[in-house]
Amino acid sequence: MFSRIVGTGSYLPERVVTNDELARTVDTSDEWVRTRTGIRSRHVAAEGQLASDLALPASQRALQSAGLRPADIDLIIVATTTPDIIFPSTACILQSKLGIAGCPAFDVQAVCSGFVYALTIADLFIRSGQAKHVLVVGTEVYSRILDWSDRSTCVLFGDGAGAVILAASEKPGILATKLHADGSHKEMLCVPGSVNGGKVWGSPFVRMDGGAVFKFAVRVFEEGAREVLEAAGLKVADLDWFIPHQANIRIMEATAKKLGLPKEKLIATVHHHGNTSAASIPLALDEAVKDGRILPGQTLLLEGVGGGFTWGAVLLRW
Ligand code: ACO
């Protein structure tokens with residue numbers, strides 16, 4: 001038994017914030033942000049719009065593209081760092097908004113690697129015969145955990161959601177997966193605050209050592225790609241598309257160069273939604289499926305890296 005993606009969907013909040021708009025409130029410029037990151041604009045959720053609100057239309061679109069109804073789903077996994085509330089999980093809230101009950105639903109917290117982690121778990125559930133149709137979602141409202149007066153972080157992130165339906169299949173599908181984590185790099189990228197006794201202890205905003213993150217991401221992207229390709233007995237030349245976590249175009253292009261992968265095989269959507277953490281890979285995937293770039297039989301490499309540090313890769317045949 002294998003697993004295969006049979007539907008994709010995504011949702012971006014209505015409000016678009018350009019670099020020029022940010023430059024009115026923090027000391028930055030469109031030129032600085034574009035040349036350092038590739039980002040031109042990002043979407044920002046409306047007041048009161050939560051991770052599950054973004055996940056719902058993304059999930060409905062994925063179900064529609066798979067030709068399935070919510071009742072066909074037998075497992076929901078939501079990757080998010082910005083859940084609606086402390087508990088219940090955003091997956092349980094999404095389940096209720098989809099109008100279904102009974103199937104297991106849980107969140108995965110692996111920051112920007114969350115979607116790759118969630119997809120790997122979904123694949124294991126399907127291959128062990130415990131699920132047939134899994135809804136896997138990445139959804140984030142990073143706008144809530146950004147210090148909008150800190151130019152070194154607020155220009156990088158955005159809000160959005162992407163979803164896929166992973167279904168049991170006699171042919172693959174997912175060819176190989178590899179996950180990693182190294183908690184010793186906690187300080188490199190974190191939101192160090194917590195809630196205690198009704199108060200926030202520590203900072204509730206994203207903190208990052210940008211240069212260190214950049215180097216780490218390029219290194220583990222290259223290692224992860226080679227590792228998962230080897231596990232499937234494939235080579236870089238066998239790849240049709242590389243869909244890395246959409247953090248920064250320079251990280252993605254540097255990785256492609258190290259791998260010897262032509263830039264034309266890189267799917268990059270970061271310019272119009274910024275870094276949407278766990279949502280970024282399914283957002284890029286959905287866009288490339290809908291615009292006809294991704295075709296049946298092609299080989300795709302999805303790679304995530306994020307706070308933790310966590311990283312991982314999923315190699316699949318479309
Ligand atoms: N506008 C203008 N100037 C800025 C801004 C800004 N928005 N942000 C920082 N600067 C300044 C800094 O204060 C610094 O000034 P100084 O030299 O006077 O101290 C200077 O710009 C740094 O400039 P560069 O060295 O040219 O910046 P660099 O090329 O390192 O780019 C960046 C910085 C974009 C943060 C880069 O390091 C990066 O992309 N790192 C990866 C970060 C990332 O992608 N994080 C996402 C989360 S991680 C993940 O998703 C895996």
Side-chain angles (χ1 to χ4, degrees), residues 17-42 79-82 109-117 138-143 145-160 162 179-183 185-192 205-225 242-256 266 268-271 273-284 302-313:
V17 176
T18 62
N19 294 338
D20 283 331
E21 190 176 341
L22 283 180
R24 280 185 231 132
T25 50
V26 284
D27 183 13
T28 190
S29 66
D30 175 55
E31 197 270 339
W32 194 97
V33 181
R34 255 190 309 105
T35 53
R36 298 311 193 289
T37 71
I39 299 167
R40 293 167 193 271
S41 58
R42 70 285 296 141
T80 186
T81 307
T82 48
Q109 161 58 305
V111 200
C112 305
S113 313
F115 183 75
V116 164
Y117 266 65
T139 183
E140 301 283 12
V141 274
Y142 260 60
S143 56
I145 55 167
L146 293 175
D147 174 354
W148 287 98
S149 67
D150 174 9
R151 68 177 184 173
S152 70
T153 51
C154 76
V155 300
L156 301 176
F157 296 89
D159 301 337
L179 300 180
H180 294 280
D182 180 350
H185 298 293
K186 185 176 111 208
E187 308 299 332
M188 206 153 77
L189 176 63
C190 59
V191 176
F205 297 124
V206 173
R207 186 184 292 173
M208 174 185 79
D209 177 348
V213 168
F214 194 109
K215 286 190 208 114
F216 190 93
V218 174
R219 180 172 65 77
V220 299
F221 268 162
E222 189 202 355
E223 287 173 8
F242 176 39
I243 312 183
H245 165 48
Q246 307 284 309
N248 180 318
I249 192 68
R250 286 161 58 218
I251 293 178
M252 295 187 250
E253 289 182 351
T255 306
L266 170 67
T269 56
V270 67
H271 55 278
H273 57 64
N275 182 346
T276 56
S277 194
S280 87
I281 293 174
L283 273 168
L302 316 184
E303 277 201 292
V305 58
F309 254 71
T310 57
W311 64 102

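Just so it is clear, the values below take in all heavy atoms, side chains as well, and ignore hydrogens, waters and symmetry mates. Remember, it's 1-based here, ligands and their atoms both numbered in the order they're listed. In this text, all values refer to a predicted model and were calculated from it rather than measured experimentally.
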Are the side chain of T310 and the backbone of A110 linked by a donor-acceptor contact shorter than 3.5 Å? yes

Would you say S29's side chain and W32's backbone share a donor-acceptor pair under 3.5 angstrom? yes

Over 60° means perpendicular and under 30° means parallel, so classify the ring planes of H180 and W311, tilted if in between. parallel

Expected output: side-chain Q246 to main-chain P244 donor-acceptor under 3.5 Å: yes

Looking at V155, which atoms of ligand 1 are within less than 4.0 Å of one of its heavy atoms? 7 (N)

Near L189, which atoms of ligand 1 are under 4.0 Å from a heavy atom of that residue? 47 (C), 48 (S)

Rounded to the nearest 0.5 Å, how far does SG of C190 lie from CZ of F309? 10.0 Å

Report, in ascending order of atom number, the atoms of ligand 1 lying under 4.0 Å from any heavy atom of D27. 1 (N), 2 (C)

Under-4.0 Å heavy-atom contact between protein and atom 40 (N) of ligand 1: yes

Are a donor atom and an acceptor atom from the side chains of E140 and T276 found within less than 3.5 Å of each other? no

Side chains of S277 and Y142: is there a donor and an acceptor less than 3.5 Å apart? yes

Please verify whether a non-hydrogen atom of F157 lies at under 4.0 Å from ligand 1. yes

Only residue of L189, V213, V218, V220 satisfying side-chain contact (heavy atoms from CB on, under 4.5 Å) with V305 is V220

Atoms of ligand 1 under 4.0 Å from any heavy atom of R36, numbered from 1 in the order shown, are 24 (P), 26 (O), 27 (O), 29 (O), 34 (C)

Tell me, yes or no, whether the heavy-atom count around R36 atom CZ, taken from other residues, nucleotides or ligands under 6.0 Å, exceeds 12. yes

Can you measure from NE2 (H271) to CG (N19) and round to the nearest 0.5 angstrom? 12.0 Å

Within the structure, does H245 bring an N/O atom to less than 3.5 angstrom of an N/O atom in ligand 1? yes

Would a search of protein heavy atoms around atom 48 (S) of ligand 1 find one under 4.0 Å away? yes

Any non-hydrogen protein atom below 4.0 Å of atom 17 (O) of ligand 1? no

Nearest heavy-atom pair of H245 and G304: which atoms, and what distance? CB-CA, 4.0 Å

Looking only at protein heavy atoms, identify the closest one to atom 32 (C) of ligand 1 and say how far it is in Å. W32 CH2, 4.5 Å

Can you name the atoms of ligand 1, numbered from 1 with element, that are less than 4.0 Å from a heavy atom of T37? 34 (C)

Which of the atoms in ligand 1, numbered in the order shown and given with their element, are less than 4.0 Å from a heavy-atom of R250? 29 (O), 31 (O)

Kindly check if the number of other-residue, nucleotide or ligand heavy atoms within 6.0 Å of CZ (R250) is above 12? yes

Identify the closest protein heavy atom to atom 43 (C) of ligand 1: which residue and atom is it, and at what distance? M208 SD, 3.9 Å

Backbone, side chain, both or neither: what part of T28 comes under 4.0 angstrom of ligand 1, heavy atoms only? both

Test item: protein heavy atom less than 4.0 Å from atom 21 (O) of ligand 1: yes

What protein heavy atom sits nearest atom 38 (C) of ligand 1, and how far away is it? N248 ND2, 3.6 Å

Interatomic distance, R207 atom CZ to S152 atom OG [nearest 0.5 angstrom]: 11.0 Å

Within the protein, is there a heavy atom lying under 4.0 Å from atom 25 (O) of ligand 1? no

Minimal heavy-atom distance between A278 and G114, with the atoms involved, is CB-CA, 4.3 Å

Looking at ligand 1, does any of its N/O atoms fall within less than 3.5 Å of an N/O of G210? yes

Where's the contact between C112 and ligand 1, heavy-atom distance under 4.0 Å: side chain, backbone, both or neither? side chain

Is it the side chain, the backbone, both or neither of V305 that has a heavy atom closer than 4.0 Å to ligand 1? both

How close does the nearest protein non-hydrogen atom get to atom 14 (C) of ligand 1, and which residue and atom is it? R151 NH2, 4.7 Å

Report the nearest protein non-hydrogen atom to atom 46 (C) of ligand 1: residue, atom name, distance rounded to 0.1 Å. N275 ND2, 3.2 Å

Heavy atom of S152, distance to ligand 1 below 4.0 Å: yes

Atoms of ligand 1 less than 4.0 Å from A247 heavy atoms? 44 (O), 50 (O)

